[in-house]
Amino acid sequence: MLGLGALVLVAPSCGSEDSATPRVCVPGRTVKCSCDDGGQGLQSCLLDGSGFEACSFCKAKPDPSTEAGFADITAAMNLMNGSGPCLGFDDFDADGDPDLILSQAKTVHNGNTFAPAEMVIYVNEGGGKFSAQPVARLAEGFAMLCTTGDFDRDGLPDVVIEVDQFDQPGKLLLLRNKGKFVFEIDPEGFDIVPIDDSMLLALGTFDSDNDGWLDVVLGRSHGGGPASGEACKMLENDFVCESTPYPGSQGPLLWRNVTGRFKLDLSAFTGPFPGTTNALGFADFDGNGLTDMFMANDWYSNHLHLQMSPGKFKRAETLLGLNLFNHGMGVGINDFDRDGHPDIYVADLGPNSFWFGKPDGTFENLNAELGISAVTRYHSNWATIAEDFNLNGYPDLFVASSGLVTNDEDMVKMAVVSSSPLKEVVPQFDILFWNRGNREFFPSTLPHRPGQRPVVVLASSATADYDGDGDLDIVTAAGDNLQFRFLRNEQPPGNFLMLNLVGTASNPHGIGAVVDLMKGDEMVQRRYVGSGGSIGNSWKTVHFGLGTETKVERIRIRWPAGGTQFLNDVDGNQILRVVEP
């Protein structure tokens with residue numbers, strides 16, 4: 001987390017989508033605008049704060065299904081202010097509806113002292129209603145990260161929490177789900193729990209050795225920083241800094257699941273590891289049936305670890321073209337162009353990267369060609385969700401802003417030369433890139449909650465269909481005290497299909513499976529189960545938008561354990577439970 005200097009705000013009369021409402025023009029601020037041809041785009045504040053540049057990145061006026069947005073229903077959901085970015089959806093009582101787990105406390109910080117947090121599950125009562133159920137109070141620290149999964153294979157999702165104290169080593173806690181929303185902290189869940197990093201931002205779960213038990217991996221956070229503010233500059237389509245490596249950088253920590261207990265394995269991933277890992281993503285990138293791990297890193301290049309045989313990994317980002325410098329903050333993985341190859345979106349401090357998979361297994365970064373780098377140029381983007389929010393059959397991208405309003409150069413320079421606090425700020429917008437097919441992405445914006453002071457350089461997000469209408473809703477945490485925001489998807493009704501995978505030989509959630517919707521022998525859509533990760537923990541049900549279709553001719557599921565399952569003539573607009581044969 002960066003120390004930030006003061007911002008000087010100027011307030012010229014700035015154009016926006018609402019000409020009657022002048023906007024404060026702060027370097028880094030982006031607003032929605034109307035283009036001369038009736039389409040829409042974004043405009044950014046000029047670098048000197050003198051006003052907004054002309055509306056740019058115009059796209060043709062979209063149809064109503066892509067223009068509809070989200071409603072902020074936070075107040076109606078009666079969510080308390082947050083105490084950390086830990087949030088996630090899972091079906092904790094196995095009734096088919098996603099519940100929401102949050103970390104809450106009355107006070108987040110007092111100097112460097114953080115109040116112990118209470119873990120609360122908002123129980124999904126159906127019909128879009130939740131009821132709060134406290135499930136655990138931490139003895140010390142606060143819940144920085146959490147991830148869920150059926151770690152003991154008893155049919156109920158458990159919770160792993162990374163507890164941060166900032167002035168002391170962190171640790172992992174395992175909350176075992178005993179049923180009926182009773183959770184118990186297992187003191188022997190992890191064999192080695194102290195972690196010496198001062199800030200941890202990447203926690204995930206996948207089957208790292210393909211034995212059917214979900215493992216836990218934690219990214220490390222010490223990785224150097226800018227040599228000086230003057231050493232930072234734009235290089236091609238990214239913002240880079242001359243960095244000072246941290247000599248003691250260590251790799252991610254992997255705990256292998258041995259029948260419900262976690263044992264630390266320090267030999268799984270090969271270094272060096274100079275960067276700070278802020279997000280993890282999982283998918284089978286090389287098509288060998290084993291789940292691989294992508295690490296979104298800050299200050300250095302990202303890492304890709306391919307699982308070559310069960311439990312054995314090889315570094316491959318250089319071979320596959322993913323070794324460009326990044327300030328990686330979040331990652332979303334999906335087949336965005338429906339060509340059968342995984343694509344990777346990395347949220348960034350400054351221009352975001354968008355790698356598309358090619359038939360030869362390598363990747364190409366198309367952030368500039370698609371307008372992604374220009375739209376995200378002055379944003380501090382973090383949590384990324386890659387899902388089809390408007391049900392048109394193409395995965396969209398939700399990119400949450402940390403709330404910091406400044407450009408990337410100024411932010412890094414202030415972190416280097418000044419430790420004075422942020423004085424005045426204006427919220428950034430979150431960005432939702434609507435995928436219209438043919439690699440055409442239309443940017444739209446979602447404003448932060450009014451009155452929110454965005455002084456925390458951090459954001460998390462998670463998604464699920466909380467109200468059972470077939471489209472995915474979003475919960476985020478950002479701004480001062482990492483306030484929660486509940487966004488209900490207001491798209492017109494559309495066709496969808498959701499699959500609840502139940503592994504038998506594979507892990508219980510089928511994480512690592514590849515699911516294809518097919519017409520004859522042709523793949524129409526593909527999903528990589530459990531693929532993305534940006535601090536938050538999304539619902540594990542596999543979601544497809546079907547566009548105008550109401551039936552799927554054929555579904556192919558390639559399970560992590562190696563088997564392939566086919567389902568024929570499947571009706572849409574349902575949640576289908578699929579058990580591995």
Side-chain angles (χ1 to χ4, degrees), residues 1-2 28 30 42 85 87 145 201-204 219 221 237-240 275-282 294-304 322 324-334 336 343-356 363 365-368 370-387 389 395-408 411-412 428-433 435 441 443-446 448 454 456-463 474 476-479 482 531-538:
M1 197 166 291
L2 300 172
T30 302
L42 296 178
L87 58 85
L145 307 172
L201 297 172
L203 179 68
S221 65
N237 296 310
D238 199 5
F239 174 68
V240 302
T276 290
T277 302
N278 286 330
L280 301 167
F282 306 98
F294 180 88
M295 298 167 55
N297 292 334
D298 195 0
W299 303 117
Y300 290 88
S301 64
N302 301 306
H303 292 172
L304 179 62
L322 292 167
L324 296 177
F325 181 95
N326 273 105
H327 292 291
M329 305 297 181
V331 58
I333 300 170
N334 214 319
F336 293 96
D343 310 310
I344 306 172
Y345 186 97
V346 177
D348 205 325
L349 166 60
N352 293 191
S353 295
F354 206 167
W355 280 285
F356 282 80
F363 292 79
N365 190 0
L366 300 180
N367 62 341
L370 301 181
I372 301 295
S373 59
V375 172
T376 58
R377 174 73 174 84
Y378 299 113
H379 285 252
S380 177
N381 291 134
W382 281 78
T384 302
I385 301 175
E387 293 284 359
F389 291 106
D396 309 301
L397 274 164
F398 172 79
V399 188
S401 161
S402 69
L404 177 71
V405 177
T406 184
N407 60 57
D408 38 26
M411 179 172 162
V412 173
Q428 276 186 344
F429 289 148
D430 297 333
I431 304 174
L432 210 159
F433 289 100
N435 186 350
F441 292 85
S444 185
T445 55
L446 298 171
H448 279 191
V456 178
V457 189
L458 180 63
S460 62
S461 63
T463 187
I474 298 173
T476 67
L482 291 165
S531 58
S534 297
I535 303 180
N537 183 84
S538 291

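The first residue in the sequence is number 1, and the count goes up from there. Computed from heavy atoms alone, side chains included, the values below leave out hydrogens, waters and symmetry copies.
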Met329 vs Asn381, side-chain contact (heavy atoms from CB on, under 4.5 Å): CA-CA, chis, key distance, verdict: CA-CA 7 Å; Met329 305 297 181; Asn381 291 134; over 6 Å; no

In Å, rounded to the nearest 0.5 Å, how long is the span from [atom1] of [X] to [atom2] of [Y]?
X      : Y      : atom1 : atom2 : result
Phe398 : Phe389 : CZ    : CZ    : 7.5 Å
Leu203 : Asn537 : CG    : CG    : 8.5 Å
Asn367 : Asn352 : CG    : CG    : 8.5 Å
Ser444 : Leu432 : OG    : CG    : 6.5 Å
Phe294 : Thr277 : CZ    : OG1   : 10.0 Å
Asp298 : Asp348 : CG    : CG    : 8.0 Å

Keeping the roles fixed (side chain from Asn278, backbone from Gly328), state whether a donor-acceptor pair exists under 3.5 Å.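 Pair found, side chain donor or acceptor close to backbone of Gly328.
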
Backbone of Asn297 reached by a side-chain donor or acceptor of Asn302 within 3.5 Å: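 Checking the backbone N and O of Asn297 against the side chain of Asn302, a donor-acceptor pair under 3.5 Å is found.
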
Check [X] against [Y] and note the closest heavy-atom contact, atom names and distance.
X      : Y      : value
Leu280 : Gly204 : CD1-N, 3.9 Å
Gly330 : Thr384 : C-OG1, 4.1 Å
Phe282 : Ile333 : N-CD1, 3.9 Å
Ala202 : Leu145 : N-CD1, 3.5 Å
Ser460 : Pro85  : OG-O, 2.8 Å
Val399 : Ala347 : CG1-CB, 4.1 Å

Are Phe433 and Leu370 close enough that some pair of their side-chain heavy atoms sits under 4.5 Å apart?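 SC-SC contact between Phe433 and Leu370 ruled out.
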
Answer whether the closest heavy-atom distance between the side chains of Ile474 and Ile385 falls below 4.5 Å.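 When only atoms from C-beta onward are counted, Ile385 and Ile474 do touch, with a gap below 4.5 Å.
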
Would you check if the distance from the ring center of Phe354 to the ring center of Phe336 is below 6.0 Å?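 Between Phe336 and Phe354, which both carry aromatic rings, the centre distance is below 6.0 Å.
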
Go through the steps for Tyr345 and Ile372 under the test side-chain contact (heavy atoms from CB on, under 4.5 Å), then give the verdict. CA-CA 10 Å; Tyr345 186 97; Ile372 301 295; 3.7 Å; yes

Derivation of the side-chain contact (heavy atoms from CB on, under 4.5 Å) call for Val346 and Trp355: CA-CA 8 Å; Val346 177; Trp355 280 285; 3.6 Å; yes

Assess the side chains of Ser401 and Asp430: does a donor N or O sit below 3.5 Å from an acceptor N or O?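 Not at all, the side chains of Ser401 and Asp430 share no donor-acceptor pair under 3.5 Å.
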
